2 protein chains.
Amino acid sequence: MNRVKDYRKAAKLTQFELAQAVGVARQTINLVENDKYNPSLDLCIRLAQVLHTDLNQLFWEGQVHEK
Amino acid sequence: MNRVKDYRKAAKLTQFELAQAVGVARQTINLVENDKYNPSLDLCIRLAQVLHTDLNQLFWEGQVHEK
DNA sequence: TACAAATGTCAACTATATATGACATTTAAT
DNA sequence: ATTAAATGTCATATATAGTTGACATTTGTA
């Protein structure tokens, strides 16, 4: 489970508004939030930018890597 | 420019070996390293795991976000 | 209860990530 | 100077990300 929905709600955006902000369809946001598929890196980066966070926060949750 | 090539060389892997390790074709690694396209999140995550790093290190370089 | 906004989901379509095979060029070692 | 390994790149094919439109369900609010 990624954390897009959490960050979107924290930003008080609807799926539709987030979709517009990153330039994809509303359904695409819905599918990403529900892990129905595998977004492109480009979309991940735009999501992180619009949600004022970064790739690790959104998509690296629970991974055990430490530097 | 992402840093896949830097991390691959640090791990002393060839493009072919890295491709095998993450389960894609060698050409795919080549294209990713040279920013010829837009990999899937899934591939990005496998690259980060195999290269013992994380998404931000590989693909968030130069982005200005701080938590 | 009723209504509207937000969300989930389906089917059909289009764009593009990724595969495969092949070949040219570069790099490194002999 | 040769040779092999590694890399860059092309063309064609396939899988799947992302679109569009539509409708059902949920959630919040009057």
Side-chain angles (χ1 to χ4, degrees):
Chain A
M1 261 308 185
N2 67 64
R3 296 173 71 204
V4 173
K5 177 180 265 180
D6 294 339
Y7 275 85
R8 175 175 60 80
K9 290 198 163 174
K12 294 197 191 301
L13 295 172
T14 73
Q15 291 183 347
F16 180 72
E17 292 167 330
L18 178 55
Q20 285 188 309
V22 300
V24 297
R26 179 183 66 81
Q27 287 87 334
T28 300
I29 299 298
N30 193 357
L31 291 169
V32 170
E33 285 189 353
N34 294 309
D35 281 315
K36 293 297 174 64
Y37 62 47
N38 201 9
S40 67
L41 174 60
D42 207 62
L43 174 52
C44 294
I45 289 175
R46 277 178 286 146
L47 285 169
Q49 290 171 335
V50 166
L51 296 174
H52 301 103
T53 180
D54 57 46
L55 292 174
N56 282 356
Q57 293 296 320
L58 284 183
F59 301 107
W60 194 250
E61 205 55 23
Q63 304 275 4
V64 241
H65 165 258
E66 77 270 17
K67 176 57 177 306
Chain B
M1 262 306 186
N2 67 65
R3 296 171 71 204
V4 173
K5 177 179 264 179
D6 294 339
Y7 275 85
R8 174 176 60 79
K9 291 199 162 173
K12 294 198 192 299
L13 296 172
T14 71
Q15 291 183 347
F16 180 72
E17 291 167 331
L18 178 55
Q20 284 188 311
V22 299
V24 297
R26 179 182 66 80
Q27 287 86 335
T28 300
I29 300 297
N30 193 355
L31 292 169
V32 170
E33 286 190 352
N34 294 310
D35 280 314
K36 292 298 173 63
Y37 64 46
N38 200 8
S40 67
L41 175 61
D42 207 62
L43 175 52
C44 294
I45 289 175
R46 279 178 284 146
L47 285 168
Q49 289 170 335
V50 166
L51 296 175
H52 301 102
T53 181
D54 57 45
L55 292 174
N56 282 355
Q57 293 296 318
L58 284 183
F59 300 108
W60 194 250
E61 205 55 25
Q63 305 275 5
V64 240
H65 165 258
E66 78 270 17
K67 177 48 178 316

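Letters A, B, ... are given to chains in the order of the sequence lines, protein chains preceding strands, and every chain is numbered from 1. Computed from a prediction, not measured in an experiment: that's the story for all the values here.
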Protein-to-nucleotide contact annotation, 5' to 3' order, nucleotides 9-26 of chain D [B base; S sugar-phosphate only; - none; under 4.0 Å, heavy atom] | BB------SBBBBB----
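Nearest approach of Q49(A) to W60(B), heavy atoms of both residues: CG-CH2, 3.9 Å. K12(B) and E17(B) get closest at one heavy-atom pair: O-OE1, 4.0 Å. Between Q57(A) and T53(A), the closest heavy-atom pair is CB-OG1, 2.9 Å.
Summarising the geometry, the separation between CZ on F16(A) and C1' on dG8(C) is reported as 16 Å, rounded to the nearest angstrom. Straight-line distance from the CD atom of E33(B) to the P atom of dT7(D): 7 Å, rounded to whole Å. Summarising the geometry, the separation between CD on Q15(B) and C1' on dT27(C) is reported as 13 Å, rounded to the nearest angstrom.
Across all strands shown, K5(A) has heavy atoms under 4.0 Å from sugar-phosphate atoms exclusively, and none from any base.
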Before giving the answer on side chain to side chain contact (heavy atoms under 4.5 Å, CB included), spell out for L41(B) and L55(B) the whole-Å C-alpha distance, their side-chain angles and the decisive distance to 0.1 Å.
-> CA-CA 9 Å; L41(B) 175 61; L55(B) 292 174; 4.2 Å; yes
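Under the rule for a side chain to side chain contact (heavy atoms under 4.5 Å, CB included), the partners of L43(A) that lie at least two apart in sequence or sit in another chain are V22(A), V24(A), T28(A), V32(A), P39(A), S40(A), R46(A), L47(A).
Checking side-chain atoms of R8(A) against main-chain N and O of L13(A) turns up a donor-acceptor pair under 3.5 Å.
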